2 protein chains.
Amino acid sequence: MGLTKSEEFTVKDNKLAKYAKALSHPARIAILRILIKRQSCICGDIVEELPLSQSTVSQHLKELKDAGLIKGEIEGAKVCYCIDETELNQAKSYIDELFSSYFLSKTSCC
Amino acid sequence: MGLTKSEEFTVKDNKLAKYAKALSHPARIAILRILIKRQSCICGDIVEELPLSQSTVSQHLKELKDAGLIKGEIEGAKVCYCIDETELNQAKSYIDELFSSYFLSKTSCC
DNA sequence: AAAATTCATCGCATTATTACGATTATAAAA
DNA sequence: TTTTATAATCGTAATAATGCGATGAATTTT
């Protein structure tokens, strides 16, 4: 076994889970915060700000990129990462929608 | 290796990551939706609504419980699960805070 | 051209996750 | 008391994730 049954769930729930997975590691949250703070698309300075090796940071960046939350642009030898606003918006609205569906239909029970 | 360096990151980012991890599987999203829909704290009916075995659903419930997003109450032989409103609120505000910190300081770059 | 910088990728070891059947524990029903 | 129902847990197999050093590819700098 060991294989998530993605096909059994809705496309939306799979997408939401994918966004959440990207956010499911403190290093990746920290990376997002750095990218937000330095709005001007900084790159490998991330490595200097985090207590992780270059290869590990690169891997986390890849995962954030695969999830769509960030994008990278090659600038000579450097790579400049930044938030992908469209995707971040979508992630936000998916999450908001899930949460607000609770707060709307709330009647409180146990 | 293979061990997340949690201590190296803030308590808040670890908590946020924990919430996100709970949401990082479509089955758990589906479970949350079921719990939201049937506000009246239903239990093992979840198993019937999902294409997963009882033990697998039980495991997902445990993870949602460990993350704090849901709570279970024993009712005889049954266990009644429901959303933990306080924690869901906290999760929502942590996520909102992260996202809005971007939309506030946005200047768009690449 | 040679050396240095920047970052991705490979390989590896360790640990975590996913899924299920089988078993166990508890409570309800017969 | 015995059976049934409910749900957690154990054990197992497969796959994914975490982290790092080493290596590679590309671009700058010297």
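These numbers come from the heavy atoms of this one structure, side chains and all, not from hydrogens, waters or symmetry mates. Keep in mind that this is a model prediction, so the values were computed, not measured. We name chains A, B, ... by the order of the sequence lines, and we start the count at 1 in each one.
- The NZ atom of A/K62 sits 19 Å away from the P atom of D/dC20 (whole-angstrom rounding).
- Computed from coordinates, the B/L64 CG to C/dT18 P distance equals 11 Å when rounded to whole Å.
- Here B/E63 lies in heavy-atom contact (under 4.0 Å) with sugar-phosphate atoms only.
- As rounded to whole Å, 18 Å separates atom P of C/dC7 from atom NZ of A/K71.
- Rounded to whole angstrom, the span from the CG atom of A/D66 across to the P atom of C/dA8 amounts to 12 Å.
- In terms of modelled atom types and a separation under 3.5 Å, the side chain of B/R38 and the main chain of B/C43 share no donor-acceptor contact.
- Contacts of B/S55 with the nucleic acid, taken as non-hydrogen atoms under 4.0 Å apart, include base atoms.
- For the OP1/OP2 pair of D/dA8 and a distance below 4.0 Å, the side-chain nitrogens and oxygens of B/S58 include at least one atom meeting the criterion.
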request  = Apply side chain to side chain donor-acceptor pair (under 3.5 Å) to the pair A/S53 and A/S55, showing each step before the final yes or no.
outcome  = CA-CA 5 Å; A/S53 76; A/S55 61; 3.2 Å; yes

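- Proximity note for A/K5 (side chain, C-beta onward) versus C/dT15, C/dA19, D/dT18: the nearest is C/dA19.
- One can place CG of B/L52 at 14 Å from C1' of C/dG21, the figure rounded to the nearest angstrom.
- If you chain together hydrophobic residues whose side chains sit under 4.5 Å apart, A/I74 and A/Y81 fall into the same group.
- One can find a donor-acceptor pair under 3.5 Å joining the base of C/dA8 and the side-chain atoms of A/Q54.
- Residue-level contact check: A/K65 touches neither bases nor backbone, having no heavy atom under 4.0 Å from any strand.
- Between the side chain of A/S100 and the backbone N or O of A/D96 there is at least one donor-acceptor pair closer than 3.5 Å.
- Proximity of B/Y19 to A/L23: side-chain heavy atoms (C-beta onward) are nowhere separated by under 4.5 Å.
- Here A/K21 does not reach the OP1 or OP2 of D/dA16: none of its side-chain N or O atoms lies under 4.0 Å away.
- Between the C1' atom of C/dA22 and the CD atom of B/Q59 lies a distance of 14 Å, rounded to the nearest Å.
- Under the 30°/60° scheme for interplanar angles, the aromatic rings of A/H25 and B/F9 are found to stand perpendicular.
- Within the structure, a side-chain polar atom (N or O) of A/H60 is placed less than 4.0 Å from OP1 or OP2 of D/dG19.
- Pairing each heavy atom of A/N14 with each of B/P26, the nearest pair is OD1-CG, 3.5 Å.
- Note: OH (B/Y81) to C1' (D/dT6) measures 11 Å, nearest angstrom.
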Between the protein and nucleotides 25-30 of chain C, list every N/O to N/O distance that falls short of 3.5 Å.
unit_1 : atom_1 : unit_2 : atom_2 : d
C/dA27 : O3'    : B/A77  : N      : 3.4

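- Close to D/dC20, at under 4.0 Å from its OP1 or OP2, lies a side-chain N or O of A/S53.
- A salt bridge links B/K15 with B/E87: the distance from a Lys NZ or Arg NE/NH1/NH2 to an Asp or Glu carboxylate oxygen falls below 4.0 Å.
- Atom-to-atom, CD1 of A/I31 to P of C/dC7 comes out at 13 Å; the value is rounded to the nearest Å.
- Toward the 5′ end of DNA chain D lies the nearest nucleotide of B/G44, the other residue of the pair A/H25 and B/G44 mapping further downstream.
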